[in-house]
Amino acid sequence: MTSQPTPLADLGDRAADLDGLIRVETHPRATATPIIVDMLRSVYPHDKIFGEFCPVQGFVDAPPRELFSWLSDTRSLEEWTYSLRGFTETDEPGLWVAQDRLGDNTDIYTRTIADPHAMTVDYHCAWDQGEHLWMIYLMRVVDAQVVLNRPGSVVLWNNCRHPFYDENPYPDSAPPDRPVWVGDFWEMFSAGHQLELSNLTAIAEFRHHNNLPLTPEWMTS
């Protein structure tokens, strides 16, 4: 008979006292409960929640596959984002350039990487140059019937605070005398992204409720 593997056997004795590891074997419920309660707060500092990552999420009353298809087209950003306008495909297939009106005379480059099986849509972006797309917008469309027991979609969206948000790595590519850098807006990312998710929701639900295709004709023709 083949012996069953022992979880964490490779940690040896450290499995009992490894800093940050809390499992029922070492922390029974009576021990773990006060630890968990101590982690709860009635008020959370903004930086504690949105300092390194920026998660937003919401329900959209529209079919998940149709929503995924719309978001998978880079040009959808022209419709639901606050400030990205005028998408044009570059000479490099799949790489698009637009204007980000948050900045003066600012080009933003975008490549969309979508997985139809997981319904993930990742927008790889950068201000000013298209060689290093370091601003990554991670999105996933989930079938709400599975997770909420009702028709529709759940959209999960996250950003990671890449160190380049703190300092422009390509200053020579920036337009002269531009007063802002994209990282200057990080503290407002959570509210700004929630605003854009509300835009996304309003557009998708209007089209769905009025029997319009979620992906408009101008994007398919």
Side-chain angles (χ1 to χ4, degrees), residues 44-58 67-68 70-115 118-141 155-203 215-216 218-219:
Y44 292 85
H46 182 85
D47 189 63
K48 181 71 173 179
I49 305 301
F50 300 109
E52 191 172 4
F53 305 97
C54 181
V56 297
Q57 54 279 320
L67 185 63
F68 166 80
W70 175 47
L71 298 179
S72 297
D73 193 311
T74 302
R75 292 169 296 176
S76 70
L77 294 167
E78 176 118 19
E79 298 196 309
W80 62 266
T81 66
Y82 172 73
S83 61
L84 305 189
R85 300 294 182 267
F87 278 86
T88 303
E89 192 166 19
T90 68
D91 292 336
E92 184 178 333
L95 180 65
W96 296 75
V97 62
Q99 283 280 304
D100 190 341
R101 296 186 183 176
L102 283 178
D104 296 338
N105 301 313
T106 294
D107 289 334
I108 184 167
Y109 292 82
T110 304
R111 180 182 298 279
T112 303
I113 300 176
D115 183 338
M119 289 199 291
T120 55
V121 182
D122 299 338
Y123 302 111
H124 293 234
C125 308
W127 272 18
D128 306 328
Q129 53 78 38
E131 298 296 320
H132 184 183
L133 304 179
W134 58 270
M135 299 162 53
I136 315 297
Y137 297 75
L138 306 169
M139 303 188 76
R140 182 177 183 182
V141 179
V155 175
L156 309 175
W157 176 5
N158 211 330
N159 277 68
C160 305
R161 187 168 185 169
H162 193 287
F164 289 171
Y165 279 113
D166 293 327
E167 185 175 357
N168 185 359
Y170 302 102
D172 294 340
S173 300
D177 302 321
R178 183 177 60 199
V180 296
W181 171 238
V182 63
D184 298 340
F185 302 106
W186 179 267
E187 294 302 319
M188 295 184 287
F189 266 33
S190 60
H193 289 179
Q194 192 62 61
L195 180 151
E196 291 182 318
L197 185 56
S198 295
N199 290 346
L200 183 160
T201 301
I203 295 167
T215 302
W218 71 269
M219 288 172 54

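- Sequence neighbours left out, not one pair with a member in residues 186-200 passes side-chain hydrogen bond (donor to acceptor under 3.5 Å, both in side chains).
- Remark: Thr81 engages no residue in a side-chain hydrogen bond (donor to acceptor under 3.5 Å, both in side chains) (not counting sequence neighbours).
- By the side-chain contact (heavy atoms from CB on, under 4.5 Å) test, Ile136 is found to be paired with His124, Leu138, residues two or more places apart in sequence or in another chain being considered.
- Across all non-hydrogen atoms, the minimal contact from Val182 to Phe189 is O-CE1, 4.1 Å.
- Taking Glu79 as the reference, Arg207 meet the salt bridge (charged side-chain N to carboxylate O under 4.0 Å, His left out) condition, with sequence neighbours excluded.
- A distance of 8.0 Å separates OH of Tyr82 from CG of Leu195, quoted to the nearest 0.5 Å.
- Listed by chain and residue number, nothing satisfies the salt bridge (charged side-chain N to carboxylate O under 4.0 Å, His left out) test with Arg140 (two or more places apart in sequence, or in another chain).
- Each of Asp122, Thr74, Asp73 was compared with Thr112 under the side chain to side chain donor-acceptor pair (under 3.5 Å) criterion, and only Thr74 meets it.
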Return all side-chain donor-acceptor pairs below 3.5 angstrom for residues 101-110, not counting sequence neighbours, or 'none' if the list is empty.
residue: Thr106; atom: OG1; partner: Asp104; partner atom: O; Å: 3.2
residue: Thr106; atom: OG1; partner: Arg178; partner atom: NH1; Å: 3.0
residue: Asp107; atom: OD1; partner: Gln99; partner atom: NE2; Å: 2.7

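- Here Trp96 pairs with nothing under the side-chain hydrogen bond (donor to acceptor under 3.5 Å, both in side chains) rule; sequence neighbours left out.
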Could you walk me through whether Tyr123 and Leu133 pass the side chain to side chain contact (heavy atoms under 4.5 Å, CB included) test, one step at a time? CA-CA 9 Å; Tyr123 302 111; Leu133 304 179; over 6 Å; no

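- Here Ala118 pairs with Asp115, Thr120 under the side-chain contact (heavy atoms from CB on, under 4.5 Å) rule; sequence neighbours left out.
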So Leu77 and Tyr137, side chain to side chain contact (heavy atoms under 4.5 Å, CB included) or not? Walk me through it. CA-CA 12 Å; Leu77 294 167; Tyr137 297 75; over 6 Å; no

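- Between Ala174 and Asn168 the shortest heavy-atom distance is CB-ND2, 3.9 Å.
- Contacts of His132 classified as side-chain hydrogen bond (donor to acceptor under 3.5 Å, both in side chains), with partners at least two apart in sequence or in another chain: Tyr170.
- With values rounded to the nearest 0.5 angstrom, Arg85 atom CZ is found 9.0 Å from Phe87 atom CZ.
- Checking side-chain atoms of Thr90 against main-chain N and O of Leu95 turns up a donor-acceptor pair under 3.5 Å.
- Rounding to the nearest 0.5 Å places CZ of Phe185 at 12.0 Å from OH of Tyr165.
- Sequence neighbours left out, the pairs with a member in residues 162-176 that pass salt bridge (Lys or Arg N to Asp or Glu O under 4.0 Å) are Arg161-Asp166.
- Closest of all the heavy-atom pairs between Thr215 and Trp70 is OG1-CA, 3.2 Å.
- Checked against side-chain hydrogen bond (donor to acceptor under 3.5 Å, both in side chains), Thr201 has no partners two or more places apart in sequence or in another chain.
- Not counting sequence neighbours, Glu89 has no partner by the salt bridge (charged side-chain N to carboxylate O under 4.0 Å, His left out) test.
- Val121 approaches Leu71 most closely through the heavy-atom pair CG1-O, 3.5 Å.
- Rounded to the nearest 0.5 angstrom, Phe50 CZ and Tyr44 OH are separated by 12.0 Å.
- Taking 4.5 Å as the limit, every side-chain heavy atom of Trp134 sits out of range of all side-chain heavy atoms of Cys125.
- The NE2 atom of His162 sits 12.0 Å away from atom CD of Glu52, with the distance rounded to the nearest 0.5 Å.
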